[in-house]
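Just dropping this structure here.
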Amino acid sequence: MTEDAFARWDAVYVSGGAPWDIGRPQAAFVALADAGEIGSPVLDSGCGTGEHALMLAERGLTATGVDAAPTAISTARRKALERGLDVTFEVGDVLALDRLDRTFATVIDSGVFHVFDDADRARYVSSLSTVLEPGGVLYLLCFSEATPGDDGPRRVTQAELRAAFADGWRIDRIDAATFEVRAEFPIQPSAWLARIVRD
Ligand code: SAH
């Protein structure tokens with residue numbers, strides 16, 4: 001990703017106006033954690049201000065969060081300190097996760113896959129494959145085509161998810177879910193929550 005793109009994401013956090021930055025984890029991921037589905041160590045890819053990694057660390061998992069926006073990462077680190085949680089938060093490019101030089105049992109993606117254009121989508125999927133152990137699980141929450149209008153990120157269909165993860169992955173489930181946003185966002189997004197296993 002270019003420096004410009006990093007700066008654009010950072011600016012959203014500086015402005016304080018990120019609709020997805022709801023100050024708590026998405027209910028869809030809390031339910032997965034409650035069900036014991038999330039294995040450790042876990043990477044929160046495009047972690048924003050860190051609520052998912054923090055929620056998982058609170059439950060005893062070893063959690064790492066990576067995001068392009070330095071402002072989001074500073075906020076995430078501050079929250080970890082305030083909550084007495086040990087989480088590694090790093091500024092980085094999720095299109096080049098191989099730079100982490102580590103692998104994870106689980107990767108979670110809350111609202112990141114759906115920000116990329118087709119070319120970056122392909123790069124992202126191959127980047128993810130470099131950090132998941134064989135048999136490791138990716139949980140991905142994205143806007144679905146049932147979300148009205150075209151405000152915000154791309155709408156993603158089940159067919160697009162299946163196409164993106166056709167090679168080297170197995171899609172176990174794709175369930176209808178919601179993506180919680182701040183009240184001032186004009187619509188209530190519909191989402192897909194996918195469980196995708198790396199071969
Ligand atoms: N997962 C967070 C943030 C979702 S918004 C949450 O649920 O709150 C999408 C996030 O992806 C933003 O924080 C943005 O900074 C990050 N992002 C976008 N492109 C990125 C890239 N190439 N590398 C790392 N982070 C990226």
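On a predicted model such as this, the values are computed, not experimentally measured, just so you know. We count residues from 1, following the sequence as given. Just so you know, ligand 1 is whichever comes first in the structure, and atom 1 is the first atom listed for that ligand.
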- Query: Aromatic rings Phe179 and His114: how do their planes relate, parallel, tilted or perpendicular, breaks at 30° and 60°?
  - Reply: tilted

- Query: Side chains of Ser110 and Tyr139: do they bring a donor and an acceptor to under 3.5 Å?
  - Reply: no

- Give the intermediate values and the outcome of salt bridge (charged side-chain N to carboxylate O under 4.0 Å, His left out) for residues Glu90 and Arg102. CA-CA 13 Å; Glu90 287 180 26; Arg102 334 180 15 192; over 6 Å; no

- Message: Test of understanding: given a 4.0 Å heavy-atom threshold, classify the contact between Phe6 and ligand 1 as side chain, backbone, both, or neither.
- Response: neither

- Task: Taking atom types as modelled, find out whether Glu145 and Trp192 have a side-chain donor-acceptor pair closer than 3.5 angstrom.
- Result: yes

- Quick one: do Asp118 and Arg123 make a salt bridge, cutoff under 4.0 Å? no

- Kindly confirm or rule out an N or O of Tyr13 lying under 3.5 angstrom from an N or O of ligand 1. yes

- Message: Under 4.0 Å, counting heavy atoms only: does Ala18 come that close to any atom of ligand 1?
- Response: no

- Item | Minimal non-hydrogen separation, Val131 against Leu97, with atom names | CG1-O, 3.5 Å

- ligand 1 atoms nearer than 4.0 angstrom to some heavy atom of His52 are 7 (O)

- Task: With heavy atoms of Gly92 as the reference, note each atom of ligand 1 found under 4.0 Å away.
- Result: 23 (N), 24 (C)

- Task: Work out whether the distance between some heavy atom of Ala72 and some atom of ligand 1 is less than 4.0 Å.
- Result: no

- Note on the structure: Among non-hydrogen protein atoms, atom 25 (N) of ligand 1 lies closest to Ala68 N, 3.0 Å

- Query: What atoms of ligand 1 come within less than 4.0 Å of a heavy atom belonging to Cys47?
  - Reply: 1 (N), 2 (C)

- Task: Can you pull out the closest protein heavy atom to atom 2 (C) of ligand 1? Residue, atom name and distance to 0.1 Å, please.
- Result: Gly46 O, 3.3 Å

- Item | Aromatic plane relationship, Tyr124 with Phe113 - under 30° parallel, 30 to 60° tilted, over 60° perpendicular | tilted

- Item | Connected via hydrophobic side-chain network under 4.5 Å: Ile187 and Val181 | yes

- Of the protein's non-hydrogen atoms, which lies at the shortest distance from atom 15 (O) of ligand 1, and what is that distance? Asp67 OD1, 2.6 Å

- Among all protein non-hydrogen atoms, which one is nearest to atom 23 (N) of ligand 1, and what is the separation to 0.1 Å? Val94 N, 2.8 Å

- Query: Has Phe116 got any heavy atom lying under 4.0 angstrom from an atom of ligand 1?
  - Reply: yes

- Message: Using a 4.0 Å cut-off to any heavy atom of Gly111, which atoms of ligand 1 qualify?
- Response: 4 (C), 5 (S), 9 (C)

- Taking it one step at a time, do Arg173 and Glu37 satisfy salt bridge (charged side-chain N to carboxylate O under 4.0 Å, His left out)? CA-CA 13 Å; Arg173 321 193 281 262; Glu37 285 213 37; 3.2 Å; yes

- Task: Measure the distance from atom 4 (C) of ligand 1 to every protein heavy atom, then report the residue, atom name and distance (to 0.1 Å) of the closest one.
- Result: Ser110 O, 3.3 Å

- Selection from Tyr124, Trp20, Trp9 by shortest heavy-atom distance to atom 17 (N) of ligand 1: Trp9

- Item | Least distance between heavy atoms, Pro186 atom then Asp151 atom | CG-OD2, 3.5 Å

- Item | Closest to atom 22 (N) of ligand 1 (judged by heavy-atom distance), picking from Asp93, Ile22, Thr2 | Asp93

